[in-house]
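The next block holds one structure in the form of structure tokens; read it before the comments.
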Amino acid sequence: MTSPRLVAFDLDDTLAPSKSAIDPRIGDLLLQLAERVEVAIISGGQLQQFRTQVVERLPRTDAAILSHFHLMPTCGTQYYRLTPDGVDTVYAHSLTDDEKSRALAAVEEEARRLGLWESTTWGDILEDRGSQITFSALGQSAPLEAKTAWDPTGEKKNALRDAVAARIPDLEVRSGGSTSVDITHRGIDKAYGMRRLAEQTGIHLDDMLFVGDRLDEHGNDYPVLAMGVTCHAVDGWEDTAEFLDGLIPTLPTR
């Protein structure tokens, strides 16, 4: 691959610890990268996470650099651009009320049946993200240590995913983060988001690079690797920062 024209990132555990703000070092590196190529962030998370974890933590810069950022929450079913005035909506494809109600009922009932509906949580277990319903076993704000310890093998999460998928076969049910299950329209994963990104930007997938921490076969970044996009695996934001330190000087300036 020659120099990428666009570099896309997963969010949690790639650019920042789960549900946490980016380190200032990452903010500086993202701006340096945006001076050279398009920068995309694609995650199962909702827009508010993008705002609090990344957008509000970026160093002050000019509109020209901001215009090279692409935000794709809920795996690309929503697409936003940065402007000097904030976040501008390009599109957002939501689930219908019927789809949402069936998804919420299925995931709660199956979690209770499997003994996975926890009594001690940090925030809401169920969340309506518009284009995605998300189950977070320990709540949206659970500390990283608790999330890591809850299901280290992925067995609980995978059992819930399979049970819910059998209840709502018209929708897509997949493992999300370390304690989460996401429900969307069928065919929605990060590969879908990358295809939509190619359509919106006019940049071919062969000219994109994806950076993520879950590129293993059962990880939520794997669909991007499986579709043939050049990928780089990282283990935490520090690893991403080190990779960008080496990558950015090799990229041509605009």
Side-chain angles (χ1 to χ4, degrees), residues 4-59 61 65-83 86-92 129-132 134 176-177 180 182 184 188-201 203 205 207-215 219-221 223-225 229-234 236-241 243-244 247-248:
R5 296 175 57 199
L6 181 150
V7 180
F9 299 89
D10 169 50
L11 179 49
D12 282 345
D13 299 318
T14 296
L15 289 177
S18 180
K19 303 297 187 296
S20 302
I22 57 171
D23 186 87
R25 182 182 172 195
I26 287 289
D28 289 336
L29 287 166
L30 289 176
L31 292 189
Q32 291 176 41
L33 188 63
E35 291 176 355
R36 293 163 170 80
V37 298
E38 301 301 298
V39 176
I41 303 173
I42 179 168
S43 166
Q46 62 174 325
L47 177 62
Q48 187 55 38
Q49 288 175 237
F50 284 61
R51 290 182 186 273
T52 57
Q53 290 181 250
V54 181
V55 176
E56 295 170 3
R57 300 290 179 155
L58 289 174
T61 189
I65 294 177
L66 288 177
S67 70
H68 297 295
F69 279 87
H70 308 259
L71 308 180
M72 303 195 86
T74 54
C75 293
T77 54
Q78 301 171 22
Y79 177 41
Y80 303 90
R81 301 293 300 273
L82 290 188
T83 72
V87 177
D88 184 48
T89 304
V90 180
Y91 69 71
R129 296 180 175 177
S131 53
Q132 178 176 295
T134 294
S180 64
D182 298 327
T184 64
I188 305 299
D189 55 21
K190 288 183 182 176
Y192 165 89
M194 294 296 284
R195 285 191 293 270
R196 294 305 307 269
L197 194 55
E199 292 171 6
Q200 292 289 329
T201 62
I203 297 174
L205 290 168
D207 293 321
M208 294 185 183
L209 170 65
F210 178 84
V211 181
D213 71 304
R214 293 293 310 279
L215 288 161
N220 59 5
D221 296 328
V224 182
L225 179 65
V229 170
T230 300
C231 294
H232 179 81
V234 295
W237 74 264
E238 299 94 339
D239 201 7
T240 301
F243 172 67
L244 290 177
L247 174 67
I248 290 171

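With hydrogens and angles ignored, the 3.5 Å screen pairs no side-chain donor or acceptor of S67 with any backbone N or O of I65. Under a 3.5 Å cut-off, the side chain of Q78 and the backbone N or O of M72 do not form any donor-acceptor pair.
One finds the OG1 atom of T77 at 7.5 Å from the OH atom of Y91 (value rounded to the nearest 0.5 Å). The line from CG of L30 to CD1 of I248 is 8.0 Å long, rounded to the nearest 0.5 Å. Annotation: the span from C231 atom SG to M208 atom CE amounts to 12.0 Å, rounded to 0.5 Å. In this structure, CG in L244 is found 5.5 Å from CG in L29, a value given to the nearest 0.5 Å. In this structure, D213 CG and N220 CG are separated by 7.5 Å, a value rounded to the nearest 0.5 Å. Atom CD1 of I26 sits about 7.5 Å away from atom CZ of F9, to the nearest 0.5 Å.
Contact annotation: the side chain of V224 never approaches that of I42 to less than 4.5 Å [non-hydrogen atoms, C-beta and beyond]. You'll find the side chain of L82 reaches within 4.5 Å of the side chain of L58, heavy atoms only. Residues L15 and W237 are not in side-chain contact: their nearest non-hydrogen atoms beyond the backbone lie 4.5 Å or more apart. Under the 4.5 Å side-chain criterion, counting only non-hydrogen atoms from C-beta, V55 is in contact with L71.
Between H70 and Y79, the angle of the ring planes stays under 30°, which puts this pair in the parallel group of the 30/60° scheme.
Closest non-hydrogen pair, P223 versus D189, comes out as CB-OD2, 3.5 Å. When all heavy atoms of L31 and P59 are compared, the pair lying nearest together is CD1-O, 3.6 Å. Of all non-hydrogen atoms in C75 and I188, the two that sit nearest each other are CB-CG2, 4.1 Å. The minimum heavy-atom distance linking L6 with A40 is given by the pair CD2-CB, 4.2 Å. E38 and R81 make their closest contact through OE1-NH2, 4.3 Å (heavy atoms, listed as atom of the first residue, atom of the second, distance). Taking every heavy atom of both residues into account, T134 and S180 meet most closely at CG2-CB, 4.2 Å.
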* Could you go step by step and tell me if S43 and D12 meet the side-chain contact (heavy atoms from CB on, under 4.5 Å) rule? -> CA-CA 8 Å; S43 166; D12 282 345; 5.6 Å; no
* Show your working on salt bridge (Lys or Arg N to Asp or Glu O under 4.0 Å) between D10 and K190 and close with a plain yes or no. => CA-CA 9 Å; D10 169 50; K190 288 183 182 176; 2.8 Å; yes
* Any chance you could lay out the side-chain contact (heavy atoms from CB on, under 4.5 Å) test for L209 and L247, step after step, and finish with the verdict? => CA-CA 11 Å; L209 170 65; L247 174 67; 4.1 Å; yes
* Kindly indicate, with the supporting measurements, whether the criterion side-chain contact (heavy atoms from CB on, under 4.5 Å) is fulfilled by T184 and T74. => CA-CA 9 Å; T184 64; T74 54; 5.8 Å; no
Give the table of side-chain donor-acceptor pairs shorter than 3.5 Å for residues 193-200, with sequence neighbours excluded, one pair per line with atom names and distance.
from : atom 1 : to   : atom 2 : distance (Å)
R196 : NE     : E199 : OE1    : 3.0
R196 : NH1    : Y192 : OH     : 3.1

